[in-house]
Amino acid sequence: MKDLKRLAIPFGITIATFIGTVVISYLAIDDLIANHRQEAAARSVAIELRNLEGWAVEAETGQRGYVITGLDEYLEPYRQGNARMPDIFQRLRSGLADDPGQLQRLATISALERERMAILEESIRVRREQGFPAAQKIVLTKSAKNLMDRIRAEVAVMEEVELRELSERTMQVSRSAARAYQAAAIGGLLDIGLLLYLFARVRADAIARISAAREISNAQQLLRTVIDGSPAAIYLKDPQGRYQLVNSAFRRLFADTQEDPIGKTDFDLFPADRAETKSAMDRQLMETGIPIQSEETQTGPGGTHHFFATMVPLSDHKGRLVGVCGVMSDVTMLKQAESEVRRLNLSLERRVDERTLELAEVNDRLREANDQLEAFSYTVAHDLRAPLRGIQGFSLAVIEDYETVLDHTGKDYLARISRAATRMELLIEDLLSYSRLSRTDLRLEPVRLDDALGDALSVIAPQINESQAALKIAAPLHAVSANHAACVMILQNLLTNAIKFVRPGTIPEVRVWSERRPHGDATGAMACIRLWVEDNGIGIPDAQRQRIFQPFERLHGQDEYPGTGIGLASIDKAAKRLGGRCGVESVLGSGSRFWIELPALDTEA
């Protein structure tokens with residue numbers, strides 16, 4: 001009875017170990033599957049976000065095509081985008097049900113999209129009922145574009161969150177798979193170790209105590225129950241390769257044969273090539289005494305199963321090798337999960353490639369349309385110059401040749417025609433200059449801002465003298481990597497505005513200086529030079545600071561402050577072409593400080 005109690009402890013540990021191995025393996029696989037599902041959900045949300053932005057662009061493309069041409073066939077992309085948006089939003093809400101932050105962003109995007117689609121629908125209705133000019137006015141408000149920019153920004157934030165979540169889930173899947181393998185391996189080794197211990201104890205008790213035959217028989221029966229209850233296939237072989245013990249899982253694995261494996265060798269149970277492989281592994285194990293781990297595939301009535309097999313040598317109490325013990329743990333679910341992960345990864349990569357190709361094609365079409373529009377604008381502006389000069393010449397000729405015939409009203413009409421033609425010519429010149437900024441190759445070179453400022457002052461010297469403007473220049477100014485002609489144009493426009501936009505009766509005061517900044521927002525990690533032009537003018541309202549850099553945007557009438565509305569737009573385009581940016585700081589009624597950032601020269605300290 002004492003011996004039975006002594007054996008009961010190892011048996012209890014063995015049962016607990018087997019149960020623990022099963023539970024740990026199940027939890028590891030369940031964790032792997034859960035992480036995999038979450039990873040797939042994150043990938044799906046990222047794809048749907050790209051679909052959302054893509055169809056939004058498609059809808060806007062269709063609306064623009066219809067507004068320009070008036071042909072219903074151009075509305076097809078608009079209708080498709082409008083029809084697909086609800087489904088995309090619904091799928092995103094389902095995929096983000098557990099993320100309140102993302103749902104809030106999605107709600108914001110949904111509201112912006114509804115507002116944007118209302119604007120697009122209104123422009124289509126106006127185009128259909130009132131014609132192109134009326135619809136163009138809606139387009140030129142850029143309300144839809146601003147909403148689209150906000151949608152893109154929100155989508156970018158959501159994509160960043162989802163990509164970060166996807167990275168974390170991918171790492172968790174890897175860790176879960178590693179834990180599952182480790183659990184199977186450690187559990188198998190623990191099972192083998194306990195089985196070896198129990199087998200040696202039972203064999204020693206059988207030899208040493210014949211009188212304890214009943215207790216040993218009970219212990220063997222218990223051991224058999226434990227082995228048969230294990231989900232892993234377990235077997236024992238003697239040094240000659242004959243099976244001495246197999247459990248129920250092993251028998252189920254080879255249910256396609258009528259042979260009882262006990263006493264048989266691998267050559268009695270398996271095809272010759274596989275039997276030779278197993279026999280060779282047994283010989284290696286018996287010769288080296290080093291455990292062997294491998295993966296095996298078995299096809300039977302229940303289908304194909306994958307096993308993680310561990311073989312260890314059996315030794316008696318004197319350390320002599322007396323056989324081989326093998327444990328084969330079923331890892332089919334792990335293999336299936338790995339296969340599914342690979343399949344989903346390949347599918348996602350394919351869909352991402354397809355979407356990338358589609359976006360590239362859309363970008364190419366948009367780029368081509370912009371190029372054609374710029375070329376059209378340049379050609380129209382260029383061709384208008386000759387008729388305008390004719391208007392100016394004939395109006396002056398009528399005034400000179402028929403001065404005595406015309407009354408005061410006629411002379412006033414002709415003078416107005418001449419002034420209007422002059423303003424139109426200035427507008428065309430500015431428009432051509434603006435268009436040339438996109439068409440001209442701006443070669444980057446070292447530019448001393450002092451030299452560029454000097455050339456700009458020479459051009460606007462008459463305006464300076466006429467206004468008696470006071471200029472303060474904090475020389476020397478820095479050098480930049482830019483284009484000299486473009487810098488002269490930028491400074492000429494900034495100084496002209498600083499002199500022009502002052503209250504009546506006020507003498508313009510203009511201050512110019514530059515400063516070096518370690519990192520420019522527009523130039524990445526490179527240092528940049530910020531050039532400032534400060535005036536004592538009328539100032540700019542906060543709401544208009546971005547608008548004034550758009551073409552043809554004017555805050556005042558021609559009678560107050562004449563101009564074309566192209567100057568600041570040209571500055572903005574030139575700055576971007578040179579790899580920089582521009583902006584303004586202003587207080588209404590207290591003057592403005594315009595600035596432009598350009599890349600600094602590497603050699604400048």
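Positions are given from 1 along the sequence. Since the model is a prediction, treat every value here as computed from it, not as a measurement.
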>> With heavy-atom distances below 4.5 Å as the criterion, would you say the side chains of Lys472 and Trp513 are in contact?
In response: no
> Measuring from Glu445:CD to Leu601:CG, what's the distance to the nearest 0.5 Å?
Replying inline: 10.5 Å
> Has the side chain of Asp572 got a donor or acceptor atom that lies under 3.5 Å from a matching backbone atom of Leu568?
Replying inline: no
> Out of curiosity, Met85 CE to Gln90 CD, how far, rounded to the nearest 0.5 Å?
Replying inline: 15.0 Å
>> Between Ser110 and Arg114, does the side-chain hydrogen bond (donor to acceptor under 3.5 Å, both in side chains) criterion hold? Intermediate values first, please.
In response: CA-CA 6 Å; Ser110 178; Arg114 287 195 299 272; 2.8 Å; yes
>> Using side chain to side chain contact (heavy atoms under 4.5 Å, CB included), reason through Phe501 and Ile540 one step at a time and then give a plain yes or no.
In response: CA-CA 10 Å; Phe501 290 99; Ile540 302 168; over 6 Å; no
>> Quick one, Val512 and Leu471 - any side-chain contact, counting heavy atoms below 4.5 Å?
In response: no
>> Check this for me, if you would: do Asp87 and Arg84 make a salt bridge, where the nitrogen-to-carboxylate-oxygen distance has to be below 4.0 angstrom?
In response: no
>> Using modelled atom types and a 3.5 Å cut-off, is there a donor and acceptor pairing between side-chain atoms of Ser586 and backbone atoms of Gly591?
In response: yes
> Under 3.5 Å, side chain of Arg93 to main-chain N/O of Ala107, donor-acceptor pair present?
Replying inline: no
> Given side chains that start at C-beta, do those of Leu477 and Leu531 come closer than 4.5 Å, heavy atoms only?
Replying inline: yes
> So, do Arg164 and Glu168 sit near enough that their side-chain heavy atoms are less than 4.5 Å apart?
Replying inline: yes
> Do other residues, nucleotides or ligands put more than 12 heavy atoms under 6.0 Å from the CZ atom of Arg351?
Replying inline: no
> Is there a side-chain contact between Leu444 and Pro599, using heavy atoms and a 4.5 Å cut-off?
Replying inline: no
>> Evaluate Glu338 against Arg342 for side chain to side chain contact (heavy atoms under 4.5 Å, CB included), listing each step before the verdict.
In response: CA-CA 6 Å; Glu338 289 178 353; Arg342 287 194 296 270; 3.8 Å; yes
> Checking side chain to side chain contact (heavy atoms under 4.5 Å, CB included) for the pair Leu449/Val480: CA distance, chi angles, key distance, verdict?
Replying inline: CA-CA 7 Å; Leu449 291 178; Val480 295; 4.0 Å; yes
> How far apart are the C-alpha atoms of Asp353 and Arg350, what are their side-chain angles, what is the distance that settles it, and do they pass the salt bridge (Lys or Arg N to Asp or Glu O under 4.0 Å) test?
Replying inline: CA-CA 5 Å; Asp353 291 341; Arg350 177 181 56 79; over 6 Å; no
> Checking Thr356 side chain against Val352 main chain: does a donor-acceptor pair fall under 3.5 Å?
Replying inline: yes
>> Return the CZ to CG distance between Arg128 and Leu75, rounded to the nearest 0.5 Å.
In response: 6.5 Å
>> Tell me the closest heavy-atom pair linking Val447 and His484, and the distance in Å.
In response: CG2-N, 3.6 Å
> Quick check: are there more than 12 heavy atoms from other residues, nucleotides or ligands sitting under 6.0 Å from CG of Asp98?
Replying inline: no
> Between Gln492 and Thr496, what is the shortest heavy-atom contact and its length?
Replying inline: O-OG1, 2.6 Å
> If every non-hydrogen atom of Arg516 is compared with every non-hydrogen atom of Ala600, which pair is closest and at what distance?
Replying inline: NH1-CB, 3.4 Å
> From Asn345 CG over to Glu340 CD, what is the distance, rounded to the nearest 0.5 angstrom?
Replying inline: 10.0 Å
> Heavy-atom count around Glu466 CD within 6.0 Å, excluding the residue itself: above 12?
Replying inline: no
> Got Glu160 and Val157 here, is their nearest side-chain heavy-atom distance under 4.5 Å?
Replying inline: no
>> With side chain to side chain contact (heavy atoms under 4.5 Å, CB included) as the criterion, how do Leu92 and Met158 come out once you've worked through the C-alpha distance, each side chain's angles and the decisive distance to 0.1 Å?
In response: CA-CA 11 Å; Leu92 284 171; Met158 292 186 69; 5.7 Å; no
> Does any non-hydrogen side-chain atom of Arg530 lie less than 4.5 Å from one of Arg581?
Replying inline: yes
> In this structure, which one of Ile460, Ile490, Ile464, Asp535 forms a side-chain contact (heavy atoms from CB on, under 4.5 Å) with Leu495?
Replying inline: Ile460
>> Under a plain distance cut-off of 3.5 Å, with no hydrogens placed, do Glu515 and Trp532 share a side-chain donor-acceptor pair?
In response: yes
> Any chance CZ of Arg355 has more than 12 other-residue heavy atoms, nucleotides or ligands included, within less than 6.0 Å?
Replying inline: yes
> Minimum heavy-atom separation for Val584 to Ser592, with atom names?
Replying inline: CG2-CB, 4.2 Å
> Of the non-hydrogen atoms in Cys582 and Phe549, which two are nearest, and what is the gap between them?
Replying inline: SG-CE2, 3.6 Å
> Going from OG1 on Thr108 to CD on Glu154, what distance comes out if it is rounded to the nearest 0.5 angstrom?
Replying inline: 5.5 Å
> If you take all heavy atoms of Ile529 and Ala479, which pair is closest and at what distance?
Replying inline: CG1-O, 3.8 Å
> Given side chains that start at C-beta, do those of Met117 and Leu147 come closer than 4.5 Å, heavy atoms only?
Replying inline: no
> Has the side chain of Asn536 got a donor or acceptor atom that lies under 3.5 Å from a matching backbone atom of Ile507?
Replying inline: yes
> To the nearest 0.5 Å, how far apart are SG in Cys528 and NE2 in His478?
Replying inline: 10.5 Å
